Trainee: 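Take a look at this one; I'll ask things after.
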Amino acid sequence: MAVSYWLMKTEPGTYSIDDLAADPDQTTCWEGVRNYQARNLLRDEIHEGDRVLFYHSACAQPAVVGTAKVVRGGYPDHHAWDKRSKYFDAKSTPENPRWFMVDIRLEKVFDAPVKLADLRGQAALKDMELLRKGSRLSVQPVRKKEFDVILKLAKNQA
DNA sequence: GCCAACGTTGGC
DNA sequence: GCCAACGTTGGC
């Protein structure tokens, strides 16, 4: 299966790349996504071995801050049927799960974040989903070309 | 804190 | 099925 590329957003005040780095095996489940479009990607499209841009949103300096690798493809988000979880959803059950998640493992923390403002200046990224006006998808596809451009930017400005 | 953009809900 | 109201996201 061919490798695919993704971008995942997180608010660093809630969960940052440093938190991922501190987690056991630098691995976490990407729980709590409650948007159908993103759900469909998690459930159907994101597979083990895929690459992820780790993005900090809703913060002082929105930026791609590193990369991760998918170590487990889509499976039901069990937080949805845990009443104590803030991600509880009565309409999701083990028999008929509504929400899905993947596991990711940290690959690299960029020496210098690639800021949103820097991305906007790149002609090669002009079609990137993240840069579309009003784009809010928290899990979104990235073209290989875009992934590579961002890695190069991270390297160049480090 | 403001506000634009988007998604969801629910009355009709 | 329409659409207004509401809630959330996320840059600034």
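Every chain is numbered from 1 and lettered A, B, ... according to where its sequence line falls, protein lines coming before strand lines. If you're wondering where the values come from, they're calculated on a predicted model, not measured in any experiment.
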Trainee: Does A/D148 come within less than 4.0 Å of A/K152, counting only side-chain N to carboxylate O?
Mentor: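 No, no charged N to carboxylate O under 4.0 Å.
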
Trainee: Across nucleotides 3-10 of chain B, 5' to 3', mark each nucleotide with B, S or - according to how protein heavy atoms within less than 4.0 Å reach it.
Mentor: --BBSS--

Trainee: When you measure from every atom of DNA chain C, which of residues 55-65 of chain A have a heavy atom less than 4.0 Å away?
Mentor: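 Per residue number, the list reads A/Y55, A/S57, A/A58, A/P62.
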
Trainee: Does a side chain donor of either A/Y75 or A/D103 reach within less than 3.5 Å of an acceptor in the other side chain?
Mentor: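 A pair is found: one side chain offers a donor N or O, the other an acceptor, under 3.5 Å apart.
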
Trainee: Applying salt bridge (charged side-chain N to carboxylate O under 4.0 Å, His left out) between A/D77 and each of A/R43, A/R98, A/R34, report the one that passes.
Mentor: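 Only one option passes, and that is A/R34.
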
Trainee: For A/D18, which residues count as a side chain to side chain contact (heavy atoms under 4.5 Å, CB included) partner, sequence neighbours excluded?
Mentor: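 Partners of A/D18 under the side chain to side chain contact (heavy atoms under 4.5 Å, CB included) test: A/S16.
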
Trainee: For A/F88, check side chain to side chain contact (heavy atoms under 4.5 Å, CB included) against everything at least two apart and list the hits.
Mentor: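 Partners of A/F88 by the side chain to side chain contact (heavy atoms under 4.5 Å, CB included) criterion, ordered by chain and then number, come out as A/K83, A/A90.
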
Trainee: What is the distance from CE of A/M128 to P of C/dG11, rounded to the nearest Å?
Mentor: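 My rounded result for the distance is 12 Å.
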
Trainee: Determine, using ring centers only, whether A/F100 and A/W30 are less than 6.0 Å apart.
Mentor: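 No, they do not, as the ring centres are separated by 6.0 Å or more.
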
Trainee: Checking A/E48 now: which residues fulfil side chain to side chain contact (heavy atoms under 4.5 Å, CB included) with it, not counting sequence neighbours?
Mentor: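 Not a single residue meets the side chain to side chain contact (heavy atoms under 4.5 Å, CB included) criterion with A/E48.
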
Trainee: Sequence neighbours excluded and cut-off under 3.5 Å, please list the side-chain donor-acceptor pairs for residues 54-70 of chain A, or say none.
Mentor:
unit_1	atom_1	unit_2	atom_2	d
A/H56	NE2	A/I17	N	3.1
A/T67	OG1	A/E107	OE1	3.2
A/T67	OG1	A/K108	N	3.4

